2 protein chains.
Amino acid sequence: MKRQDPAELESLCRRKGLRLTSQRKAILTALAGRSDHPTADRLYDQIQPGLPEISRTTVYRVLEKLVEAGVARTVSHPGSVSRFEAIGPRHHHLACRRCSSLTDIAAPGLNELPLPSTRGLSFRIEDYSILFMGICTECKE
Amino acid sequence: MKRQDPAELESLCRRKGLRLTSQRKAILTALAGRSDHPTADRLYDQIQPGLPEISRTTVYRVLEKLVEAGVARTVSHPGSVSRFEAIGPRHHHLACRRCSSLTDIAAPGLNELPLPSTRGLSFRIEDYSILFMGICTECKE
DNA sequence: TTGTATGCAAAAGGTTTGCAATGAT
DNA sequence: ATCATTGCAAACCTTTTGCATACAA
């Protein structure tokens with residue numbers, strides 16, 4: 001959607017009590033700089049050249065932490081691999097059920113929906129995102 | 001959310017040109033009967049006792065086909081395993097970012113949203129579902 | 001200094017593939 | 001009869017774990 005500011009994500013981490021290692025900084029910067037919902041492995045591939053010591057394991061573990069802390073989230077990518085994005089401005093997703101592509105979409109009219117009552121469930125809603133499902137152009141043919 | 005009618009799902013498959021094998025029927029029935037977003041493996045475990053010849057591979061392949069055909073869909077379950085649900089009445093999801101639980105939620109007021117324009121993108125939207133993210137009761141403590 | 005975070009190597013899962021046999025239409 | 005679908009077994013990939021070491025606070 002829109003690139004995030006790595007510095008902002010870092011201070012968010014600090015506030016959450018996460019130690020800022022060079023590995024975490026690299027992952028935050030990489031995540032903030034792309035909007036294509038990368039997998040843990042793709043992030044590793046991107047980061048590794050500039051930080052040769054980093055291990056794949058760390059990327060997995062850091063992403064897990066970031067999600068827990070609310071700094072990143074997994075996106076609903078149909079398929080068997082987890083995909084991630086940094087938190088940021090509200091936006092929504094278009095998912096093609098045929099080719100599994102997942103694209104960001106802005107829909108200003110849908111950014112301030114009334115939240116449903118969770119009184120009975122006592123779940124604290126912090127954010128939301130709409131997943132639009134259908135068929136993309138390439139698959140429409 | 002609500003249980004679906006297996007017969008309806010079957011006729012949907014027929015219309016899509018999918019052959020109705022006993023394996024597919026069993027998977028449709030199993031999917032229609034639960035609302036907990038099972039993994040392919042859990043479905044296999046459920047079906048196998050009553051259809052001993054079925055293989056895990058087939059469950060994976062059938063689910064893939066069903067998603068392609070629009071009869072089932074994958075749900076945004078944070079975590080590294082794909083989860084599925086049969087298509088059915090519109091509903092939404094609550095996802096806990098801490099424990100990764102995913103619960104259905106009804107929100108009648110949000111079931112007829114104006115769809116965003118996809119003119120520029122030419123994506124055909126067929127359905128949507130809102131993913132509410134936050135913290136569940138157990139994790140709030 | 002203290003406890004969190006990392007790297008390594010290995011294990012554990014989950015998912016996919018090729019190919020021959022089966023079965024729905 | 002024809003072509004999609006299945007089962008098997010193996011390959012492939014992704015993700016997780018245990019443990020000793022390193023490092024942020």
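Below, chain A is the first sequence line, B the second, and so on; all start at residue 1. Note that the structure is predicted; figures quoted are calculated from it, not measured. Every heavy atom of this structure was used, including side-chain atoms; hydrogens, water molecules and symmetry mates were not.
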Spacing of [X] atom [atom1] relative to [N] atom [atom2], expressed in whole Å:
{"X": "Leu43(A)", "N": "dT15(D)", "atom1": "CG", "atom2": "C1'", "result": "15 Å"}
{"X": "Leu51(B)", "N": "dG23(C)", "atom1": "CG", "atom2": "P", "result": "12 Å"}
{"X": "Glu64(A)", "N": "dT14(D)", "atom1": "CD", "atom2": "C1'", "result": "14 Å"}
{"X": "Ile47(A)", "N": "dG7(C)", "atom1": "CD1", "atom2": "C1'", "result": "15 Å"}
{"X": "Arg56(A)", "N": "dT16(D)", "atom1": "CZ", "atom2": "P", "result": "14 Å"}
{"X": "Glu68(A)", "N": "dT4(C)", "atom1": "CD", "atom2": "P", "result": "13 Å"}
{"X": "Leu18(B)", "N": "dT25(C)", "atom1": "CG", "atom2": "P", "result": "11 Å"}
{"X": "Glu53(A)", "N": "dT6(C)", "atom1": "CD", "atom2": "C1'", "result": "11 Å"}

Could you check which of [options] has an atom nearest any side-chain atom of [X]?
{"X": "Arg61(A)", "options": "dG18(D), dC8(D), dT15(C)", "result": "dG18(D)"}
{"X": "Arg19(A)", "options": "dG7(C), dT5(D), dA5(C)", "result": "dA5(C)"}
{"X": "Arg24(A)", "options": "dG7(D), dT6(C), dT25(C)", "result": "dT6(C)"}
{"X": "Tyr60(B)", "options": "dA25(D), dT15(C), dC8(C)", "result": "dT15(C)"}
{"X": "Thr57(A)", "options": "dA4(D), dA9(C), dC8(D)", "result": "dA9(C)"}
{"X": "Ala40(B)", "options": "dG7(C), dA25(D), dT15(C)", "result": "dT15(C)"}

Give me the ring orientation class for Phe132(B) and Tyr128(A): parallel if the planes are under 30° apart, tilted from 30 to 60°, perpendicular past 60°.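 Tilted: the ring planes of Phe132(B) and Tyr128(A) meet at 30° to 60°.
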Check this for me, if you would: do Arg42(B) and Asp36(B) make a salt bridge, where the nitrogen-to-carboxylate-oxygen distance has to be below 4.0 angstrom?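 So Arg42(B) does not pair with Asp36(B) through a salt bridge.
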Knowing that exactly one of Glu126(A), Glu64(A), Glu85(A) qualifies, which makes a salt bridge (charged side-chain N to carboxylate O under 4.0 Å, His left out) with Arg73(A)?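 Going through the options one by one, the only one that passes is Glu85(A).
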Leu9(B) reachable from Ile47(B) in the ILVMFWY side-chain graph, under 4.5 Å edges: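 Yes: a chain of side-chain contacts under 4.5 Å links Ile47(B) to Leu9(B).
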Please determine whether a side-chain nitrogen or oxygen atom of [X] lies at a distance below 4.0 Å from atom OP1 or OP2 of [N].
{"X": "Thr58(B)", "N": "dG7(D)", "result": "yes"}
{"X": "Gln23(B)", "N": "dT22(C)", "result": "no"}
{"X": "Ser82(A)", "N": "dT15(D)", "result": "yes"}

Straight-line distance of Glu53(A) CD to Thr58(A) OG1, nearest 0.5 Å: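 One finds 10.0 Å between CD of Glu53(A) and OG1 of Thr58(A).
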Starting at the 5' end of DNA chain C, which residue's closest nucleotide do you reach first, Thr39(B) or Leu20(B)?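 Its nearest nucleotide lies further toward 5', so the answer is Thr39(B).
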